> 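Let me begin by handing over the structure; questions about it come next.
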2 protein chains.
Amino acid sequence: MKKHERHKLLKQLLVENTVYRQEDLVNLMAQRGIEVTQATISRDIKQLQLIKVPLNDGSYRYTLPSEKEVDTTMKLKKTLQDAFVDADIHNEMCVLKVQPGNGPTVSSLIEQVDYPEIFACISDDDTVMIFNRSTQGAVKIQDKLETMASEN
Amino acid sequence: MKKHERHKLLKQLLVENTVYRQEDLVNLMAQRGIEVTQATISRDIKQLQLIKVPLNDGSYRYTLPSEKEVDTTMKLKKTLQDAFVDADIHNEMCVLKVQPGNGPTVSSLIEQVDYPEIFACISDDDTVMIFNRSTQGAVKIQDKLETMASEN
DNA sequence: TATGAATAGGAATTCAAA
DNA sequence: TTTGAATTCCTATTCATA
């Protein structure tokens, strides 16, 4: 079985089962005749960016990141790759300059992604003003936006 | 320092710093003169339901769950506690009966929470129809909704 | 490049104590 | 109830191999 197929199966298993540990996935795969080790599952989890979430009931489960979140982040990234002009900070504020017309779209996407560092976000045609909860948060956000705009 | 205060500080540290490991939090706390061990941080993480996320760059970071997500889940829970009547499943479908008038609200909240098991969701005045990606998913969702409606 | 076996490294829990 | 120390358990990585 190819890695890509295994990844698909893995996501399905996560939706259909309650997965407490990576070993659970090893077992679920084994039930389906797929022999893999925990090491492989760990790598798969990293690549699929699956997360281990502490639940209210005191247990931990592995889950998929929400599709919406993934989608929105991708859209933001693509938009920034086209429209990013510059990002600067001052105290807890971050100013993001974008190509004319893109301000509102970028602002809305940023709000949808819902970064914990950000307190509020407002835009006009070519500028997005981001008010962060802290100066360090502003640095992190500036860095994140610049990275999204430039990488691959 | 009381646990509650430490929890607050912890959230703040997460927003302001890049946290790779629980040890990082131990150190950040120490810099602020708060002596705690990894064991305590681990418990804090569990209680605050913080998550360790694999990033694109191949590293892992601890982050806060998004406020929006937490809020929405809380709202859904509260609404269900008031309005839940019954939940039943048939194959991959889950029918949720609610007090008249609550269908659209509940449906919208369910969509906002964005459960990976759910494919689509539609409602009328007192019924929410949930179409899941699998039969097992339907079982999980039914269980989740019933639990939310009844617990504490 | 992908994987398993072994291992290191990190996280959660147990146990004792306050 | 909360915590630290020690320990166990789980996860990530290394190293070898295909």
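Please read all numbers here as calculations on a predicted model, not as lab measurements.
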> Evaluate whether atom CD1 of A:Ile122 has more than 12 neighbouring non-hydrogen atoms of other residues, nucleotides or ligands under 6.0 angstrom away.
no

> Reckon B:Glu35 touches a base, only the sugar-phosphate, or nothing at all at heavy-atom distances under 4.0 Å?
sugar-phosphate

> Applying a strict under-4.5 Å side-chain criterion to I, L, V, M, F, W and Y, I'd like to know whether A:Ile45 and B:Tyr60 cluster together.
no

> Could you tell me the separation between the CD atom of A:Gln47 and the C1' atom of D:dA12, rounded to a whole number of Å?
12 Å

> Which sits closer to the 5' end of DNA chain D, B:Tyr60 or B:Lys3, going by the nucleotide each is nearest to?
B:Lys3

> Side chains of A:Leu96 and A:Ile110: closer than 4.5 Å at any heavy-atom pair?
yes

> Please figure out whether B:Gln38 or A:Gln38 has its closest DNA chain C nucleotide nearer the 5' end.
A:Gln38

> Check the distance between D:dT1's P and B:Asp44's CG and give it to me in whole angstrom.
17 Å

> Quick one: B:Ile41 CD1 to C:dT13 P, roughly how many Å, whole number?
15 Å

> Establish, with yes or no, whether the OP1 or OP2 oxygen of C:dA11 is under 4.0 angstrom from a side-chain nitrogen or oxygen of B:Ser42.
no

> Do A:Arg32 and A:Leu13 come close enough that some side-chain heavy atom pair is under 4.5 Å?
yes

> Which is more 5' along DNA chain D, the nucleotide nearest B:Gly58 or the one nearest B:Met1? Just name the residue.
B:Met1

> Measure the distance from CD1 on B:Ile45 to P on C:dA12 and round it to the nearest whole Å.
6 Å

> Below 4.5 Å, heavy atoms only, C-beta onward: do B:Thr73 and B:Val70 meet side chain to side chain?
no

> NZ of B:Lys46 versus P of D:dT3: gap in Å, rounded?
15 Å

> Tell me which nucleotide among D:dA5, C:dA5, D:dA12 gets nearest to the side chain of A:Arg43.
C:dA5

> A side-chain contact here means heavy atoms from C-beta on lying under 4.5 Å apart; do B:Lys144 and B:Tyr115 qualify?
yes

> Contact list please: residues 13-34 of chain B against DNA chain C, heavy atoms, distance less than 4.0 Å, in numerical order.
B:Arg21, B:Gln22

> Can you tell me which residue pairs pass the side chain to side chain donor-acceptor pair (under 3.5 Å) test with a partner in residues 86-105 of chain B, sequence neighbours excluded?
B:Lys97-B:Thr127

> Between D:dG4, C:dA6, C:dG10, which one does the side chain of B:Val36 approach most closely?
D:dG4

> Quick one: B:Ile51 CD1 to C:dG10 C1', roughly how many Å, whole number?
18 Å

> Is there a side-chain contact between A:Arg6 and A:Met29 in this structure, where contact means two heavy atoms from C-beta onward sitting under 4.5 Å apart?
yes

> Do B:Leu145 and B:Leu80 come within less than 4.5 Å of each other through their side chains, counting heavy atoms only?
yes

> Assess the side chains of A:Gln112 and A:Lys75: does a donor N or O sit below 3.5 Å from an acceptor N or O?
no

> What does the list of N/O pairs under 3.5 Å between the protein and nucleotides 16-18 of chain D look like, with a distance for each?
none

> Using a cut-off of strictly less than 4.0 Å, decide whether A:Lys2 has a side-chain nitrogen or oxygen near OP1 or OP2 of C:dT1.
no

> Whole-Å distance between C:dG10 P and A:Lys52 NZ?
14 Å

